[in-house]
Amino acid sequence: EARLQPVDAILCHLALVDLLLLLTRGVPQTMTVFGMRNLLDDTGCKVVIYTYRIARALSVCITCMLSVFQAVTVAPAAGPLLSRLKARLPQLLAPTFAALWFINMAVCIAAPFFSVAPRNGTVPPFTLNLGFCHVDFHDNLSYVLNGVAVSVRDFAFVGAMLGSSGFILLLLHRHRKQVRAVRRSQGSAMETRAARTVLMLVILYA
């Protein structure tokens with residue numbers, strides 16, 4: 001079709017945040033590994049770390065969004081609520097993207113305040129040493145609160161992704177049983193291949 005399909009829009013958004021992730025973490029860390037020092041000052045570290053944290057969070061969230069979108073798309077329309085939701089999915093994409101950006105920008109807001117360029121000497125306790133930048137949390141409470149906030153967000157979205165993938169596997173299993181009599185000669189190769197792909201991807205990601 002002439003316009004971008006919803007799943008393509010999700011994949012494009014996922015590619016964008018993964019590219020940001022590579023540029024803000026992969027490139028600077030690779031340069032540090034090869035011996036380059038003093039890549040960024042304090043301001044540069046704040047910008048790069050904040051962008052990296054948002055991109056990493058969005059990568060998890062949008063992967064979950066893709067899984068949920070696929071589960072809702074293939075779900076049989078069991079009632080008027082689900083039917084309306086399926087019809088409105090394309091219109092919900094832009095607000096969902098905006099909400100995910102806003103939530104993750106808010107959750108990651110502490111990152112710029114704790115990010116500094118590496119200093120000569122020993123690394124203080126409660127500091128994440130990324131090589132090109134340090135994230136210095138100053139005390140144990142800040143360190144633990146940051147870890148809890150990030151972990152709760154990640155586990156919530158990965159949990160939703162696992163749930164939607166499990167739902168897709170259940171639908172494939174039911175479909176296989178329904179068509180077994182019709183397609184006895186062909187077997188259930190298509191459903192089995194699809195189920196294996198879903199299972200492999202979700203296990204590797206989780």
Side-chain angles (χ1 to χ4, degrees), residues 9-69 93-165 201-206:
I10 298 173
L11 289 170
C12 287
H13 214 87
L14 185 59
L16 171 66
V17 296
D18 284 342
L19 181 61
L20 279 175
L21 198 58
L22 279 172
L23 291 174
T24 55
R25 180 70 186 264
V27 172
Q29 201 146 36
T30 302
M31 293 168 74
T32 304
V33 166
F34 282 104
M36 297 185 70
R37 296 289 179 264
N38 304 317
L39 292 174
L40 301 166
D41 58 7
D42 284 354
T43 304
C45 277
K46 292 178 190 303
V47 172
V48 167
I49 296 299
Y50 187 47
T51 307
Y52 157 69
R53 294 290 292 273
I54 293 171
R56 181 200 171 279
L58 282 169
S59 181
V60 175
C61 296
I62 295 173
T63 304
C64 169
M65 178 184 173
L66 178 63
S67 183
V68 171
F69 180 87
L93 286 186
T96 305
F97 285 140
L100 289 176
W101 274 92
F102 178 77
I103 289 167
N104 288 301
M105 286 173 75
V107 170
C108 301
I109 195 64
F113 297 104
F114 297 118
S115 303
V116 293
R119 306 284 192 259
N120 292 328
T122 58
V123 178
F126 312 118
T127 298
L128 297 177
N129 183 2
L130 302 177
F132 59 95
C133 288
H134 288 171
V135 185
D136 184 4
F137 289 100
H138 303 302
D139 55 57
N140 186 55
L141 180 62
S142 302
Y143 188 78
V144 170
L145 286 177
N146 175 77
V148 168
V150 171
S151 298
V152 167
R153 181 202 59 211
D154 286 356
F155 281 122
F157 281 98
V158 172
M161 187 185 71
L162 289 171
S164 60
S165 298
L201 289 173
V202 77
I203 287 173
L204 285 171
Y205 193 88

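What's counted below: heavy atoms across the whole structure, side chains too, no hydrogens, waters or symmetry copies.
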### Which atom of V17 lies closest to which atom of A55, heavy atoms considered
O-CB, 3.6 Å

### Summary
Output for pair (T32 OG1, R37 CZ), nearest 0.5 Å, gives 6.5 Å

### Task
Might you point out which heavy atoms bring T63 and M161 nearest each other, and give the distance in Å?
CG2-SD, 3.8 Å

### Query
Is the ring centre of F137 less than 6.0 Å from the ring centre of Y143?
yes

#### Entry: For the student: nearest non-hydrogen atoms of D42 and A117, plus distance
OD1-N, 2.8 Å

### Task
Can you measure from CZ (F114) to OG1 (T127) and round to the nearest 0.5 angstrom?
10.5 Å

### Task
Begin from the C-alpha positions of I49 and L130 and carry the test side chain to side chain contact (heavy atoms under 4.5 Å, CB included) through to its verdict.
CA-CA 10 Å; I49 296 299; L130 302 177; 3.3 Å; yes

## Note on the structure
Note: L162 and V202 closest approach over all heavy atoms is CD2-CG2, 3.5 Å

### Message
Quick check for you: to the nearest 0.5 Å, what is the distance between I54 atom CD1 and I103 atom CD1?
### Response
12.5 Å

#### Entry: Step-by-step side chain to side chain contact (heavy atoms under 4.5 Å, CB included) determination, N104 to R153
CA-CA 9 Å; N104 288 301; R153 181 202 59 211; 3.2 Å; yes

### Query
Roughly how far, to the nearest 0.5 Å, is CG of N129 from CG of D136?
11.0 Å

### Query
R53 side chain to T51 main-chain N or O, any donor-acceptor pair under 3.5 Å?
no

### Query
Does N38 CG have over 12 foreign heavy atoms under 6.0 Å away?
no

### Intermediate values then yes/no, side chain to side chain contact (heavy atoms under 4.5 Å, CB included), C133 and V48
CA-CA 9 Å; C133 288; V48 167; 5.5 Å; no

## Note on the structure
All heavy atoms of C64 vs all of F157, minimum pair found to be SG-O, 3.2 Å

### Query
With a 4.5 Å heavy-atom cut-off, do I10 and F97 have their side chains touching?
yes

### Query
Can you check whether M105's main-chain N or O pairs, donor with acceptor, with Y50's side chain at less than 3.5 Å?
yes

### Query
Closest heavy-atom contact between K46 and F113?
NZ-O, 4.0 Å

### Task
Give, for atom CG of L66 and atom NE2 of H13, the distance between the pair rounded to the nearest 0.5 Å.
12.5 Å

### Query
Taking atom CG of L145 and atom CG of N140, what is their separation to the nearest 0.5 Å?
9.0 Å

### Query
Are the side chain of Q29 and the backbone N or O of G131 linked by a donor-acceptor pair below 3.5 Å?
no

